[in-house]
Amino acid sequence: MNGDDEMAQRARIPRGTLNREAIVTAAVEVLADGGLDALTMRAVADALGTRSMSLYTYFSGKEQLLTAAEEHLIAMLDLPEPGSGGVEALREIFRAYWRMLVAHPWLVRRDHSREETSPGDLRLAETIYSIVGRLGIPERTAVGLVATTFRFTLGCATLYPGRRAWDDPRHWERLRTELGKLPRDDYPSLHLFSTELSDYTQDEVFEFGLNELMNRFRAAAEHSS
């Protein structure tokens, strides 16, 4: 049986049900399973049980589909209305953003590789800067704080897959044992951690850094009032 015959034998989606939403949902699933490298128009068509050419009625190609998939995920973030809330609203926005990046690691690679700002990015930025503006933080300070917080969040999400051991208590037990073997005279500070180093999950590291950054937002708002 050749490729065309196999295509004909495949279960196909019901006529008239193919639409942008169905295609984007399938694309997100393909990305979740295989990451950026797995996404092709053919892979999404296969997931839908249709021909790849049918997708071009809705999307010009992979890049436009990627943007739509990203938009789909950002639209699912529970963002406050622009201008509402304060520092705690900022905290919740960046926490939700972090969780989205961790759940969909392809988004981190996507952010690093593209140069254009997507509509979803603009919506997220508008919400954040409207809150910061309402706090009365001066423009230059606001840009510095927001950019730093975005980079911190992206950095934590980038490292997350390679730091999964941090979430295992046995990792910290081994680390304390290794630090205890270091020569005390050469590494007095590190040797001290062999008995006093606490477990630190990745979520706890993120929350610690986020809290420090939110304190800077709060201090900047109080200084400007």
Side-chain angles (χ1 to χ4, degrees), residues 31-32 35-36 66-67 69-168 171-172 175 189-190 193 197-224:
L31 287 160
L36 276 178
L66 267 173
T67 299
E70 183 181 13
E71 293 293 300
H72 172 77
L73 292 175
I74 291 179
M76 294 175 66
L77 293 177
D78 186 17
L79 299 179
E81 289 297 320
S84 64
V87 172
E88 289 308 309
L90 288 175
R91 184 193 304 274
E92 290 304 317
I93 290 171
F94 280 105
R95 181 179 287 146
Y97 186 58
W98 147 256
R99 289 172 178 167
M100 181 185 72
L101 294 176
V102 168
H104 304 276
W106 63 269
L107 282 168
V108 179
R109 279 188 60 194
R110 169 75 170 159
D111 185 87
H112 294 340
S113 63
R114 61 182 170 81
E115 297 181 359
E116 296 183 357
T117 303
S118 72
D121 287 339
L122 291 173
R123 174 172 170 259
L124 184 60
E126 174 62 27
T127 301
I128 290 170
Y129 277 109
S130 66
I131 294 172
V132 173
R134 186 167 175 266
L135 291 172
I137 298 175
E139 179 182 320
R140 185 170 179 80
T141 302
V143 171
L145 285 172
V146 171
T148 300
T149 309
F150 265 117
R151 282 159 176 74
F152 166 73
T153 305
L154 283 165
C156 286
T158 299
L159 292 172
Y160 189 90
R163 299 289 191 277
R164 293 188 186 278
W166 283 41
D167 299 324
D168 184 348
H171 164 77
W172 297 97
L175 182 57
S189 297
L190 292 178
F193 282 135
L197 181 64
S198 300
D199 296 10
Y200 238 132
T201 68
Q202 294 197 81
D203 280 338
E204 288 172 338
V205 170
F206 174 76
E207 288 294 334
F208 178 89
L210 183 64
N211 188 61
E212 292 299 308
L213 287 163
M214 293 304 106
N215 286 340
R216 293 296 300 271
F217 276 102
R218 188 174 288 107
E222 293 173 354
H223 181 74
S224 64

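Position 1 is the first residue of the sequence, and the numbers go up from there. Scope of the values below: all heavy atoms of this structure, side chains included, with no hydrogens, waters or symmetry mates.
Heavy-atom minimum distance, Ala157 versus Trp98: N-CZ3, 3.6 Å. In this structure, Leu31 and Ala69 approach most closely via the heavy-atom pair CD1-CB, 4.0 Å. Of all heavy-atom pairs spanning Leu159 and Gln202, the tightest one is O-OE1, 4.1 Å. Of all heavy-atom pairs spanning Ile131 and Leu90, the tightest one is CG2-CG, 3.8 Å.
Here the two rings, on Tyr160 and Phe206, have centers that are 6.0 Å apart or farther.
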Evaluate side chain to side chain contact (heavy atoms under 4.5 Å, CB included) for Leu79 paired with Arg123, printing each intermediate quantity in order. CA-CA 9 Å; Leu79 299 179; Arg123 174 172 170 259; 3.6 Å; yes
Starting from the C-alpha separation in whole Å, work towards a yes-or-no answer on side chain to side chain contact (heavy atoms under 4.5 Å, CB included) for Leu101 and Thr158. CA-CA 9 Å; Leu101 294 176; Thr158 299; over 6 Å; no
Using distance only, find each side-chain donor-acceptor pair of residues 137-144 under 3.5 Å and give its atom names and separation, not counting sequence neighbours.
none

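Just one of Asp121, Leu145, Ile128 meets the side chain to side chain contact (heavy atoms under 4.5 Å, CB included) condition when paired with Phe150; it is Ile128. Each of Leu77, Leu124, Asp78, Thr153 was compared with Ile93 under the side chain to side chain contact (heavy atoms under 4.5 Å, CB included) criterion, and only Leu124 meets it. The side chain to side chain contact (heavy atoms under 4.5 Å, CB included) test with Arg91 is passed by exactly one of Leu213, Leu210, Thr149: Leu210. Of the options Tyr200, Phe193, Trp166, a ring-ring contact (aromatic ring centres under 6.0 Å, His included) to Trp172 is made by Trp166 and by none of the others.
Residues forming a salt bridge (Lys or Arg N to Asp or Glu O under 4.0 Å) with Glu222 (at least two apart in sequence, or on another chain): none.
At a threshold of 4.5 Å between non-hydrogen side-chain atoms, the residues Phe217 and Met214 count as touching. In this structure, the side chains of Leu66 and Leu36 come closer than 4.5 Å at one or more pairs of heavy atoms.
Surrounding CG of Asn211 are more than 12 heavy atoms belonging to other residues, nucleotides or ligands, all under 6.0 Å away.
By the 4.0 Å N-to-carboxylate-O rule, Glu88 lies too far from Arg95 to be salt-bridged with it.
Put simply, the side chain of Arg151 gets close to the backbone of Ala147: a donor and an acceptor are under 3.5 Å apart.
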